[in-house]
Protein chains: 2
Amino acid sequence: MAEETVTGRAVGPWATMKDVAALAGVSLKTVSRVVNNEPTVNEDLVARVRLAATQLHYQPNMSASALRRLDGRSSTIAVLLEDLSNPFSATIYRSVEEVAISRGVVVVGGSFDEDPSRELVLTAAMSRHRVDGFIIAPASRDHGYLAREQRAGTPFVFVDRPPVNLEADSVLSDSRDGVTRATRHLLRFGHRRISFLGDLTTIYTSEERVNGFRDAMREANVTVDPRLVHLDLRTAPAAERVVGHLLDSADPPSAIFAGQNLVLMGALRAIRSRHLQHRVAIVGFDDLIMADLLEPAVTVVAQNPERIAREAATMLFRRLDGDTSPVRRVVVESQLVIRGSGEIPAPGDR
Amino acid sequence: MAEETVTGRAVGPWATMKDVAALAGVSLKTVSRVVNNEPTVNEDLVARVRLAATQLHYQPNMSASALRRLDGRSSTIAVLLEDLSNPFSATIYRSVEEVAISRGVVVVGGSFDEDPSRELVLTAAMSRHRVDGFIIAPASRDHGYLAREQRAGTPFVFVDRPPVNLEADSVLSDSRDGVTRATRHLLRFGHRRISFLGDLTTIYTSEERVNGFRDAMREANVTVDPRLVHLDLRTAPAAERVVGHLLDSADPPSAIFAGQNLVLMGALRAIRSRHLQHRVAIVGFDDLIMADLLEPAVTVVAQNPERIAREAATMLFRRLDGDTSPVRRVVVESQLVIRGSGEIPAPGDR
DNA sequence: ATTGTCTGAGACAACGTTGTCCAGAAGGGG
DNA sequence: CCCCTTCTGGACAACGTTGTCTCAGACAAT
């Protein structure tokens with residue numbers, strides 16, 4: 001055991017292949033072969049090496065391994081999302097982890113918080129660690145800077161947002177269509193004054209969602225009152241304030257579409273504090289835990305983060321396994337979950 | 001740029017220190033010094049090296065760096081929790097990430113799902129990657145097997161659950177006390193038939209929570225009806241079923257303490273479906289997003305995952321910075337958040 | 001018995017970096 | 001002017017592993 005080496009390094013009791021080889025009475029290279037399950041080793045030797053390895057609690061050093069291997073693989077992938085503490089990102093992370101662990105790959109996570117400079121910092125850090133691949137929901141709107149790394153052989157799979165200035169696989173939700181369908185749903189209940197509340201317009205999905213809303217309104221020949229459209233809302237309190245003003249105004253909306261989780265919560269608070277929850281219809285984007293427990297239960301457009309993640313992970317690993325087929329864009333359907341709050345009819349309506 | 005090396009390896013366009021040195025017209029070692037911000041380099045050379053590095057988009061190879069460094073540091077820490085997709089774990093992960101990124105350290109995450117064998121698999125994987133430290137909420141109840149790694153110099157900080165058979169720092173919630181206080185709260189509203197619903201008894205915190213409940217009941221001289229205590233509930237549907245039976249029974253509880261998130265949700269569903277939400281008091285452990293939007297809003301014992309994570313991360317990094325002071329156990333207070341559901345008086349009560 | 005083929009194990013170099021050591025330049029004092 | 005010290009940069013080895021090559025030995029065919 002290499003308690004102390006020539007250089008005087010106090011590495012602690014990490015056994016190396018050399019130690020295992022010495023104990024098993026074989027050459028270092030034979031240990032390497034056994035560790036990598038190469039089939040050309042005599043089974044007696046395999047057994048001896050295995051025994052020595054367990055006795056010494058040998059754990060291969062992945063840094064050394066990654067350094068020396070021809071493919072440079074580190075058995076590590078990066079999953080970089082908006083915010084690992086929000087349920088959507090967390091579910092994606094977790095589902096990717098599931099696929100990764102089954103392949104002996106560990107997952108390095110990071111949160112961008114919609115900050116493009118953080119995206120740069122984190123992707124660079126991951127590059128330094130030579131992760132084998134990326135699953136990324138970018139904050140920036142230009143991903144050309146990743147081309148270099150991509151050419152170096154690192155695959156990228158974009159989730160939730162498409163790559164810009166980069167040819168890469170992506171797995172997206174049908175946000176636009178999802179919102180269109182939800183808006184049609186509200187229109188069907190007689191609503192004409194529908195308020196749309198959206199997240200940062202810099203975010204791709206956020207843009208898609210407003211567009212989906214406008215699509216449905218145009219299709220139904222309902223003009224959108226610009227006073228009812230509020231974008232760049234990021235927090236529940238901000239949304240609560242805005243919705244409060246809307247509801248207190250002379251010509252309030254009869255229905256609200258909340259384009260994001262926190263915005264939905266703020267809107268719900270504003271509605272409830274005015275006891276309007278059975279009068280004003282509301283539909284949200286992204287499912288909320290406990291949405292079914294509210295009174296009325298909340299109708300939402302639910303995305304499918306598990307499926308997005310599974311698709312993305314399989315695509316990534318396929319690429320790592322050598323798939324060189326053309327870039328793919330997979331769209332995962334979102335689903336309108338009808339629970340009550342979106343089925344409140346407009347005042348004059350039947 | 002090493003497009004192709006002697007061995008014929010297609011490494012892609014990763015520039016190495018050698019390439020940078022060649023372009024800058026200095027020796028390899030000088031590049032290393034510049035990259036590591038060693039102060040003994042002439043500033044002209046520094047500038048030249050920096051320029052060459054950016055021109056080549058040089059990113060140091062952390063695998064090589066970790067391999068060669070005396071301390072073997074990989075600038076990586078592992079955060080291994082129950083389930084990264086549940087809000088408690090996700091918040092901890094995210095808060096640790098925040099501290100880590102400020103130190104240029106990346107975070108590898110993993111979920112145990114309360115499966116001790118998965119704990120073994122994941123910790124071993126992290127060992128192979130030679131992570132610099134661990135923040136861990138273990139699934140197993142014996143952590144002696146980590147001693148070897150600890151002796152190798154890797155610090156461990158346990159969160160949410162204390163280390164067993166291992167001397168290591170820990171950051172815990174005052175679960176037991178929190179539950180005791182919540183139970184007293186229910187007792188104060190006249191409740192005597194209080195039902196306790198708990199998670200897997202193998203989980204440390206789960207055990208603590210029942211104990212906290214029994215403490216308060218004993219203190220108040222109220223005997224606990226064993227039919228009202230249900231443990232090993234893991235899912236919302238299971239909890240819903242159990243609470244359904246309780247409520248439909250001849251002698252139902254007047255108050256319920258739900259020892260965990262999903263259990264709370266199941267209990268709430270059972271109560272609501274019987275329209276008893278204004279009759280049966282309920283208090284949960286762990287805050288729920290939107291708990292304030294329910295009718296009545298849900299009283300909970302809220303933990304403080306951000307603080308737990310921040311404490312744990314600072315402890316870990318202090319250890320990495322050489323702190324050799326005795327092992328510490330930090331307790332982060334939980335807080336009873338009064339919202340309404342826990343303040344429903346018992347039937348016969350004032 | 002000799003040669004040729006094949007299998008499996010070991011010697012050796014190399015991956016990209018950092019620690020150690022040394023040499024040459026620069027600077028100061030006698 | 002020379003010697004000694006200080007500072008800076010470079011040569012070299014080493015980290016733990018894997019790829020390549022070689023060689024010993026087993027075995028079959030002549």
Side-chain angles (χ1 to χ4, degrees), chain A residues 1-2 4-12 14-22 24-46 48-49 53 56 58-75 127-130 152, chain B residues 1-2 4-12 14-22 24-46 48-49 53 56 58-75 127-130 152:
Chain A
M1 216 174 285
E4 182 131 346
T5 68
V6 197
T7 50
R9 138 146 63 170
V11 285
W14 282 122
T16 70
M17 280 194 174
K18 207 164 132 189
D19 304 318
V20 177
V26 299
S27 88
L28 192 161
K29 180 68 218 205
T30 301
V31 177
S32 167
R33 280 194 260 261
V34 172
V35 167
N36 291 287
N37 293 311
E38 290 179 28
T40 69
V41 187
N42 181 296
E43 60 182 39
D44 288 2
L45 287 195
V46 173
R48 256 160 64 201
V49 170
L56 295 173
Y58 171 71
Q59 293 285 12
N61 182 325
M62 298 302 276
S63 294
S65 170
L67 180 59
R68 190 54 179 83
R69 301 189 105 91
L70 287 191
D71 56 14
R73 291 280 170 83
S74 61
S75 298
S127 295
R128 285 195 288 277
H129 285 276
R130 301 288 193 272
Chain B
M1 207 171 294
E4 182 131 348
T5 69
V6 197
T7 50
R9 141 144 62 174
V11 286
W14 282 121
T16 71
M17 281 195 173
K18 206 164 129 192
D19 303 318
V20 177
V26 299
S27 87
L28 192 160
K29 180 69 221 205
T30 302
V31 178
S32 168
R33 279 194 260 262
V34 173
V35 167
N36 291 287
N37 293 312
E38 290 179 27
T40 70
V41 187
N42 181 295
E43 58 181 41
D44 289 0
L45 287 194
V46 172
R48 255 162 61 203
V49 170
L56 296 173
Y58 171 70
Q59 293 286 11
N61 183 327
M62 299 301 277
S63 294
S65 171
L67 180 60
R68 191 54 179 81
R69 300 190 108 91
L70 288 190
D71 56 15
R73 291 279 170 82
S74 61
S75 296
S127 295
R128 285 195 289 277
H129 285 276
R130 300 291 191 273

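Note on naming: letters A, B, ... go to the chains in the order of the sequence lines (proteins, then strands), and numbering restarts at 1 for each one.
For the side chain to side chain contact (heavy atoms under 4.5 Å, CB included) test, residues two or more places apart in sequence or in another chain that qualify with A:R128 are A:A124, A:A125, B:Q59, B:P60, B:M62. With sequence neighbours left out, the side chain to side chain donor-acceptor pair (under 3.5 Å) criterion links A:N37 to A:R50. Among residues two or more places apart in sequence or in another chain, the side chain to side chain donor-acceptor pair (under 3.5 Å) test is passed with B:S75 by none. Residues satisfying the side chain to side chain contact (heavy atoms under 4.5 Å, CB included) criterion with B:A64, sequence neighbours excluded, are A:L67, B:N61.
Distance CG (B:L28) to C1' (C:dC21): 16 Å, rounded to an integer number of Å. Put simply, CG on A:N61 is 18 Å from P on D:dA14, counting in whole angstrom units. Rounded to an integer number of Å, the gap from B:L67 CG to D:dA13 C1' is 13 Å. For the pair B:W14 CH2 and C:dA14 P, the interatomic distance rounds to 24 Å; values are reported in whole Å. Nucleotide D:dC15 holds its C1' atom 17 Å from the CE atom of A:M62, rounded to whole Å. One atom, CZ of B:R68, and another, P of C:dG19, lie 7 Å apart when rounded to the nearest Å. Across the protein-nucleic acid pair, A:D44 atom CG and C:dA9 atom P stand 10 Å apart, rounded to whole Å. Distance A:E38 CD to D:dG19 C1': 9 Å, rounded to the nearest Å.
Rotation axes derived from the C1' atoms of the five outermost pairs at either end of the helix from C:dA1-D:dT30 to C:dG30-D:dC1 lie 50° apart, to the nearest 10°.
Atom CG of B:L45 and atom CD of B:E43 lie 10.0 Å apart (nearest 0.5 Å). With values rounded to the nearest 0.5 angstrom, A:S63 atom OG is found 15.5 Å from A:R68 atom CZ.
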Protein-nucleic acid N or O pairs under 3.5 Å, nucleotides 22-28 of chain D:
none

Pull out every protein N or O sitting under 3.5 Å from an N or O of nucleotides 6-9 of chain D, one pair per line with the distance.
unit_1, atom_1, unit_2, atom_2, d
D:dG9, OP1, B:N42, N, 3.4
D:dG9, OP2, B:T40, O, 3.2
D:dG9, OP2, B:N42, N, 3.1
D:dG9, N7, B:R33, NH2, 3.3

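The side chain of A:Y58 lies closest to D:dT17 when the candidates are D:dT17, D:dC15, D:dT18. Listed candidates were C:dA11, D:dT17, C:dG19. Nearest to the side chain of A:K29 is C:dA11.
Distances shorter than 4.0 Å separate some side-chain N or O of B:S32 from OP1 or OP2 on C:dT18.
The two atoms that bring A:A152 and B:W14 nearest to each other are CB-NE1, 3.7 Å, heavy atoms only.
Judged purely by atom type and a 3.5 angstrom limit, A:R130 uses its side chain to pair as donor or acceptor with the backbone of A:S127.
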Donor-acceptor pairs are to be reported for all side-chain atoms of residues 27-36 of chain A against protein atoms at under 3.5 Å, with residues two or more places apart or in another chain.
unit_1, atom_1, unit_2, atom_2, d
A:S27, OG, A:K29, N, 3.3
A:S27, OG, A:T30, N, 3.3
A:S27, OG, A:T30, OG1, 3.3
A:N36, OD1, A:R69, NH2, 3.3
A:N36, ND2, A:S32, O, 2.8

